[in-house]
Amino acid sequence: MASKIILDCDPGVDDALAIVFAVGSPEIELLGVTTVAGNVGLDKTTGNALRLREFLGAGWPVTAGSAVPLLRPPMHGEDVHGASGLGRAVLPPAQAGPQTGHGVDFIIDMVLSAPGEITLVATGPLTNVALALRREPRLPSLVRDFVIMGGSSARGNVTPAAEFNIAVDPDAAAIVFSAGWTVTMIGLDVTLQARANQAIRDRLATLGRLAADLLLPCLAGYTDGALAEGALAEGTVAEAAAPGRADPAVHDVCAVAHVARAGLLGCDAARVEVETMGRWTTGMTVTDFRAPVATRNALVATTIDVPAFWDTVFDAYSHVARNLR
């Protein structure tokens with residue numbers, strides 16, 4: 001049976017690739033997309049979700065959410081995702097607009113309508129999820145699972161301490177991790193290994209219009225901070241500059257793929273706290289794998305089967321490509 005998901009996201013190149021995966025995977029039933037400001041502003045993340053929906057010929061609702069973090073000034077990533085948020089991809093403007101209402105209400109209403117059935121997947125800043133928890137404190141007991149792309153048990157990618165999605169709204173992330181559920185954290189530990197190298201891009205190039213109009217232009221305009229991320233993850237700039245380091249990591253796809261196929265990622269239980277007050281460490285996900293069992297609030301992804309991951313992604317993308325008009 002396919003896993004029913006709500007995807008809370010900030011498209012964004014890797015969010016767009018995650019949406020395509022969700023549409024194509026037979027193991028996923030995408031119930032709706034809610035948008036949040038992050039990689040680009042809310043008007044663009046929402047517009048990109050709508051463009052993607054029409055390009056893919058899909059019918060799920062798109063509902064706009066939060067335009068700013070809870071307490072802090074906005075922070076965006078146009079330097080990574082391009083001015084539009086979709087790299088070099090140019091999709092026609094959407095003919096239909098977003099669903100009326102707020103993304104937070106959509107999340108709550110959908111989960112309340114099917115308790116225990118829906119997995120909430122968040123691949124952007126956690127502002128919408130934190131607001132949903134404040135409005136409906138029962139949410140942790142009503143979702144089937146909660147999966148995020150964000151954080152790191154080691155180093156960050158926008159600062160030495162913080163990964164982007166957490167850094168944009170650390171106050172929201174702190175609320176989310178302390179809400180009483182188990183957060184499955186798919187962070188830089190594994191996502192930096194899921195890189196679209198030349199061999200992967202050559203493989204994607206066989207997918208016709210999907211590749212030509214969306215996948216490859218997205219990746220071509222996606223700088224991903226690969227040099228900095230590699231250095232932070234593995235220790236030195238020299239290591240980061242090694243062959244292949246310029247290949248972009250498809251971070252957000254990893255989170256949806258984890259829901260679709262058990263065993264692609266290996267996770268370890270841990271206690272995760274979000275730093276909100278550190279002068280140099282705000283946004284850090286402080287991860288303690290040795291915490292007492294009763295205090296652990298997260299499953300942290302630590303391993304990924306990269307060949308199996310890309311086979312799974314390619315299968316989903318192939319399904320979309322076959323059905324694309």
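Note on Val306: it clusters hydrophobically with Phe21, by side-chain heavy-atom contacts below 4.5 Å among ILVMFWY residues. A chain of hydrophobic side-chain contacts below 4.5 Å, direct or via other Ile, Leu, Val, Met, Phe, Trp or Tyr residues, connects Leu7 to Tyr317. Hydrophobic clustering, with ILVMFWY side chains joined whenever heavy atoms are under 4.5 angstrom apart, keeps Val36 apart from Val40. Cluster annotation: Val272 and Val143 are assigned to the same hydrophobic cluster (Ile/Leu/Val/Met/Phe/Trp/Tyr, side-chain heavy-atom contacts under 4.5 Å, transitive). Linking Ile, Leu, Val, Met, Phe, Trp and Tyr whenever their side-chain heavy atoms come within less than 4.5 Å puts Ile19 and Val253 in one cluster.
To the nearest 0.5 Å, the span separating CE on Met75 from CZ on Phe164 amounts to 5.0 Å. For the atom pair CG (Asp169) and CG (Leu70), the distance works out to 4.0 Å, reported to the nearest 0.5 Å. The CD1 atom of Ile5 sits 10.5 Å away from atom CD1 of Ile118, with the distance rounded to the nearest 0.5 Å. Note: Arg144 CZ to Lys4 NZ = 10.0 Å, rounded to the nearest 0.5 Å. To the nearest 0.5 angstrom, Asp252 atom CG is 3.5 Å from Asp14 atom CG. Note that the CG atom of Asp171 and the CG atom of Leu71 stand 4.5 Å from one another [nearest 0.5 Å].
Formation of a donor-acceptor pair under 3.5 Å by the His81 side chain with backbone atoms of Gly87 is not found in this model. For Lys44 (side chain) and Leu86 (main-chain N/O), no donor-acceptor pair under 3.5 Å exists by modelled atom type. Remark: side-chain polar atoms of His102 are paired, donor with acceptor, to backbone N or O of Val104 under 3.5 angstrom. In this structure a side-chain-to-backbone donor-acceptor pair under 3.5 Å is present from Arg296 to Ala291. In this structure, Thr45 contributes its side chain and Cys9 its backbone to no donor-acceptor pair below 3.5 Å. Thr34 places no side-chain N or O within donor-acceptor distance of the main-chain N or O of Thr63, the cut-off being under 3.5 Å. A donor-acceptor distance shorter than 3.5 angstrom exists from the side chain of Arg53 to the backbone of Trp60, with no hydrogens or angles considered. Remark: side-chain polar atoms of Asp8 are not paired, donor with acceptor, to backbone N or O of Leu126 under 3.5 angstrom. Put simply, the side chain of Glu275 gets close to the backbone of Met277: a donor and an acceptor are under 3.5 Å apart. No side-chain donor-acceptor contact under 3.5 Å links Tyr222 to the backbone of Arg88.
Scanning both residues, Ala270 and Phe289, for their nearest heavy atoms gives CB-CD2, 3.6 Å. Closest non-hydrogen pair, Leu264 versus Ala257, comes out as CD1-O, 3.8 Å. Summarising the geometry of Ala154 relative to Asp189, their closest heavy-atom pair is N-OD2, 4.3 Å, with the distance given to 0.1 Å. Of all heavy-atom pairs spanning Ile166 and Gly283, the tightest one is CG2-O, 3.1 Å. Taking every heavy atom of both residues into account, Pro11 and Asn48 meet most closely at O-ND2, 3.0 Å. Between Ala89 and Cys218, the shortest heavy-atom distance links the atoms CB-SG, 3.8 Å.
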Practice problem: Begin from the C-alpha positions of Arg138 and Leu112 and carry the test side chain to side chain contact (heavy atoms under 4.5 Å, CB included) through to its verdict. | Solution: CA-CA 9 Å; Arg138 297 176 297 166; Leu112 288 176; 3.7 Å; yes

So Leu120 and Ile107, side chain to side chain contact (heavy atoms under 4.5 Å, CB included) or not? Walk me through it. CA-CA 8 Å; Leu120 178 58; Ile107 292 170; 4.3 Å; yes

*Let me see the working for Asp145 and Val259 under side chain to side chain contact (heavy atoms under 4.5 Å, CB included), right down to the final yes or no.*
CA-CA 9 Å; Asp145 200 1; Val259 177; over 6 Å; no

Worksheet item: When you look at Phe314 and Thr206, which way does the side chain to side chain contact (heavy atoms under 4.5 Å, CB included) test go after all the steps?
Response: CA-CA 10 Å; Phe314 188 77; Thr206 65; 3.7 Å; yes

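Residues Trp310 and Asn197 have side chains not in contact (no heavy-atom distance under 4.5 Å, counting atoms from C-beta outward). Thr287 is listed as a side-chain neighbour of Met185, based on a closest heavy-atom distance under 4.5 Å. With a 4.5 Å cut-off on side-chain heavy atoms, Leu265 and Ile304 count as touching. Residues Met149 and Glu163 are in side-chain contact: their nearest non-hydrogen atoms beyond the backbone lie under 4.5 Å apart. A heavy-atom distance below 4.5 Å is found between the side chains of Pro98 and Leu50. Two residues are said to be in side-chain contact when any heavy atoms from C-beta on lie closer than 4.5 Å; Ile148 and Asn165 fail this criterion. The closest side-chain heavy-atom distance from Leu204 to Leu219 is below 4.5 Å. You'll find the side chain of Leu214 reaches within 4.5 Å of the side chain of Leu52, heavy atoms only.
Among residues at least two apart or in separate chains, ring pair (Phe, Tyr, Trp, His ring centres under 6.0 Å) pairs with a member in residues 120-159 are Phe146-Trp181.
With 3.5 Å as the limit, one finds a donor-acceptor pair spanning the side chains of Asn128 and Ser66. In summary, the side chains of Thr46 and Thr35 do present a donor paired with an acceptor at a separation below 3.5 Å, with no hydrogens or angles considered.
For Asp10, the side-chain hydrogen bond (donor to acceptor under 3.5 Å, both in side chains) criterion is met by Asn39, not counting sequence neighbours.
Under the side chain to side chain donor-acceptor pair (under 3.5 Å) test applied with Arg261, the options Asp315, Asp305, Thr312 reduce to a single match, Thr312.
Side-chain contacts under 4.5 Å among hydrophobic residues (ILVMFWY), followed directly or transitively, place Met284 together with Val286.
Ion pairing of Asp311 with Arg203 is present here, as a side-chain N (NZ or NE/NH1/NH2) and a carboxylate O approach within less than 4.0 Å.
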